[in-house]
Amino acid sequence: MNKEGKEIVWGEYQKEIAPDNYYYARSCIRQNFFPGSEETFLKIVGAILGKDIYDDPHQTTCTGIAYHSDIIPMETTMTVVARQFSLMNDSGYKNFIPSCVTSFGIYTEMIEAWEHFPETLERTKQQLKSATGRTFSLPENLVHTSDIIYKYKEAILEKAKFKLINKQTGKPLRVVEHIGCHYAKIFPAKGVGGAEFPSVLSGMIETWGGEVIDYPERRHCCGFGFRNYVVKENRGYPLSNTKRKFDSMEPFKPDFIVANCPGCTFFLDRWQYVIAEMEGKTYGEDGFGIPVLTYEEMAGLVLGLDPWEMGMQLHQVGVESLLNKIGINYCSFDKYKGANGEDIGMPEKPNILKC
Amino acid sequence: MATLLEQLKTDIRFLEGLKACINCGTCTAICPAAQFYDYDPRQIADTVQNGNELEIEALLKSDTIWYCGECLSCKTRCPRGNTPGYIIQSLRHLSQETGYFTFSGRGRQQLQVKRLVGDNMLKYGYCVYIDEIDTTEHPEQGPVWDWFRQNTDTILQKLGANYKGNGAGTLRKISETDLDELRKIFTETGAMERFENIENKFHSNE
Ligand code: SF4
Ligand code: SF4
């Protein structure tokens, strides 16, 4: 195919990402497990890129985890989604950007259901009105927050203090990217690159100097499985699925992993600890793990933000091997200090996994 | 009284999920749950397509329908536009409406899920919440989580969060007014009834 033809075909895999004026919809999992990443996103988009972004105190859970664990009816999720859109309407914004991939799937699915079954839209309008007195209209643009960083990857490169290059060898860092299933597998047209060529993370990695690893289980689910994680006795499911990915990526010696989904990022980090403690198996160099980053942490490091102010001390797999490779100057002591520089002790060391 | 199949057909996820299955097994090949459990989404699609009431009833009473991880990888790949993951959602819904979920160990786990995720949403407005997560129930969180829990206030302050604070920000307190709207939606749309159903049906079978 000639170059023009390729560009036309590739154009079909692109999606519209609004340039500014965002209504930020927070993620329950990320606020709890990666609390620094949500703040980092607001800092990058607001203070660094100079965009207008609104953080609404009135929003709640989207109910995504409950919906996909099937403890609530679909009507409930539809009406909570409608309330979130109503809040966006109240604040005068039209571009809705959820920080969670499960939420992104939820919002997209409910909008599609309203389109396919218009009677459900009428029912949701009635139920929202009856429960809260609210009305709502749909966002003009709905994208995931990783799409915003993707859109501005060149702008971030212009402001970069570091690149994803090994300072010692001068070679690109080798990166495993993991995209949450609900980003593009449910509605391929809604993800950059679709389900076949999802490039939301690889685009960032390559723009910032890194090299993307293509490994056999690259598109395999992390195994969250909702009720399969929530219920303790089912957790062999997520653990085994993530292990399948680690075993598949191991021969390619990744310098780090980056993900755009809250659950995936958490599992890729924590299951390395569990596998090390249970089986004595580690996947990084010399008994360490492979650092696992959110895409905001990756962007933040490129921009020269302090890793401990982004919350990277809350990973179970240490990130220092990566900071050293990039050549970032960091203070080991600051990692374990509180807000006012006070000493707050250190986490206990795992028995096997070196941190 | 409506047959089970007729009841399934009132769920838009069933209508979206089952167009016409050709039994090709593509969904099973891509399915992470099929790799881990004795679970086969092709068979699920086939059973509901055949429409045999007794077989559907057996499915609603089984562990089988609770294995799916709802990753929806099957939606991307089915050559006929079916979505076994959506079919599963409609079966789980009906299993809880009919009370059949109490017949299987995996189905009865809905009580645990309700008490964790359901109660968190009603109490905090978040589906997971830091104060409710410890390393006894979640040993995979690791020692870093214990350290975080011991120093939550100062660490979250360092990261710029607004833990339990009023107004916007990470882990802010969701106001009573907003929680009230959420709870009213839950009442209006049947979630509260579902929660009571899960609690009561479970106890009536204990
Ligand atoms: S992939 Fe689709 S057509 Fe093939 S067995 Fe599964 S549901 Fe049926
Ligand atoms: S949604 Fe369920 S049936 Fe479909 S691929 Fe995922 S685990 Fe398998």
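Here the structure is a predicted model, which is why all the values come from computation and not from measurement. Chain A is the first sequence line, chain B the second, and so forth, proteins listed ahead of strands; every chain is numbered from 1. When reading the values below, keep in mind they use all heavy atoms of this one structure, side chains included, and skip hydrogens, waters and symmetry mates.
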(message) Only pairs of heavy atoms separated by less than 4.5 Å count here; which of E193(B), R183(B), Q141(B), R77(B) has the most with chain A?
(response) Q141(B)
(request) Would you check if there is a donor-acceptor pair between the side chains of E140(B) and Y229(A) at a distance under 3.5 Å? (result) yes
(message) Donor-acceptor check, side chain of K185(A) to backbone of L72(B), threshold 3.5 angstrom: yes or no?
(response) no
(message) Need one label for Q59(A): side chain, backbone, both or neither, based on atoms under 4.5 Å from any heavy atom in chain B.
(response) both
(message) So for F195(B), is it side chain, backbone, both, or neither that comes closer than 4.5 Å to the heavy atoms of chain A?
(response) side chain
(request) Can you tell which part of R134(A) gets under 4.5 Å to a heavy atom of chain B, answering side chain, backbone, both or neither? (result) side chain
(message) For the interface with chain A, which of S95(B), C74(B), C68(B), A191(B) has the highest count of heavy-atom pairs at distances below 4.5 Å?
(response) A191(B)
(message) Please report whether the ring centroid of Y37(B) lies less than 6.0 Å from that of Y237(A).
(response) yes
(request) Measure distances from I133(B) to the heavy atoms of chain A and classify the residue's part below 4.5 Å as side chain, backbone, both or neither. (result) side chain
(message) If you count heavy-atom pairs within less than 4.5 Å of chain B, which of R83(A), K337(A), M310(A), E348(A) leads?
(response) R83(A)
(request) For E38(A) and T170(B), indicate whether the former's side chain and the latter's backbone hold a donor-acceptor pair under 3.5 Å. (result) no
(message) Heavy-atom pairs under 4.5 Å with chain A - which of I88(B), T154(B), L15(B) has more of them than the others?
(response) T154(B)
(request) Kindly say whether G345(A) contributes a backbone atom to a donor-acceptor pair with the side chain of W147(B) at under 3.5 angstrom? (result) yes
(message) Counting only non-hydrogen atoms closer than 4.5 Å, does I174(B) touch chain A with its backbone (N, CA, C, O), its side chain (CB onward), both, or neither?
(response) side chain
(request) Side chain from CB out, backbone as N, CA, C, O: work out which of these in Y126(B) comes under 4.5 Å of a heavy atom of chain A, or both, or neither. (result) both
(request) Spell out, as yes or no, whether a donor-acceptor pair under 3.5 Å connects the side chain of N228(A) to the backbone of Y67(B). (result) yes
(message) Under a 3.5 Å cutoff, is there a donor and acceptor pairing between the side chains of T132(A) and E181(B)?
(response) no
(request) Check whether any side-chain N or O of Q316(A) sits under 3.5 Å from a backbone N or O of V144(B) as a donor-acceptor pair, and report yes or no. (result) yes
(message) Heavy-atom cut-off 4.5 Å, strictly under: side chain, backbone, both or neither for D146(B) against chain A?
(response) neither
(request) Give, as side chain, backbone, both or neither, the part of L156(B) having an atom under 4.5 angstrom from any heavy atom of chain A. (result) side chain
(request) Check whether Y336(A) gets within reach of chain B through its side chain, its backbone, both or neither, counting any heavy atom under 4.5 Å. (result) both
(message) What part of I155(B) gets within 4.5 angstrom of chain A, counting heavy atoms only: side chain, backbone, both, or neither?
(response) side chain
(request) Heavy-atom distances under 4.5 Å only: say whether H315(A) touches chain B with side chain, backbone, both or neither. (result) backbone
(request) Tell me, out of L116(B), T83(B), L182(B), who's got the most heavy-atom pairs with chain A below 4.5 Å. (result) L182(B)
(request) Heavy-atom pairs under 4.5 Å with chain A are the metric here; pick the option from V113(B), T76(B), D178(B) that has the most. (result) D178(B)
(message) Given 3.5 Å as the limit, does a donor-acceptor pair link the side chain of H58(A) with the main chain of T177(B), or not?
(response) no
(request) Pick one of side chain, backbone, both or neither for T120(A), based on which atoms fall under 4.5 Å of a heavy atom in chain B. (result) side chain
(request) Pick one of side chain, backbone, both or neither for N234(A), based on which atoms fall under 4.5 Å of a heavy atom in chain B. (result) both
(message) I'd like to verify something: which residue of E16(B), Q96(B), H93(B) has the highest number of heavy-atom pairs under 4.5 Å with chain A?
(response) E16(B)
(message) Can you tell me which portion of Q89(B) sits under 4.5 Å from chain A's heavy atoms? Options are side chain, backbone, both or neither.
(response) both
(request) Considering non-hydrogen atoms only, spot the tightest contact between H220(A) and P32(B) and give its length. (result) NE2-CB, 3.9 Å
(message) Does any backbone or side-chain atom of R244(A) lie under 4.5 Å from a heavy atom of chain B? Answer side chain, backbone, both or neither.
(response) side chain
(request) Measure distances from N241(A) to the heavy atoms of chain B and classify the residue's part below 4.5 Å as side chain, backbone, both or neither. (result) side chain
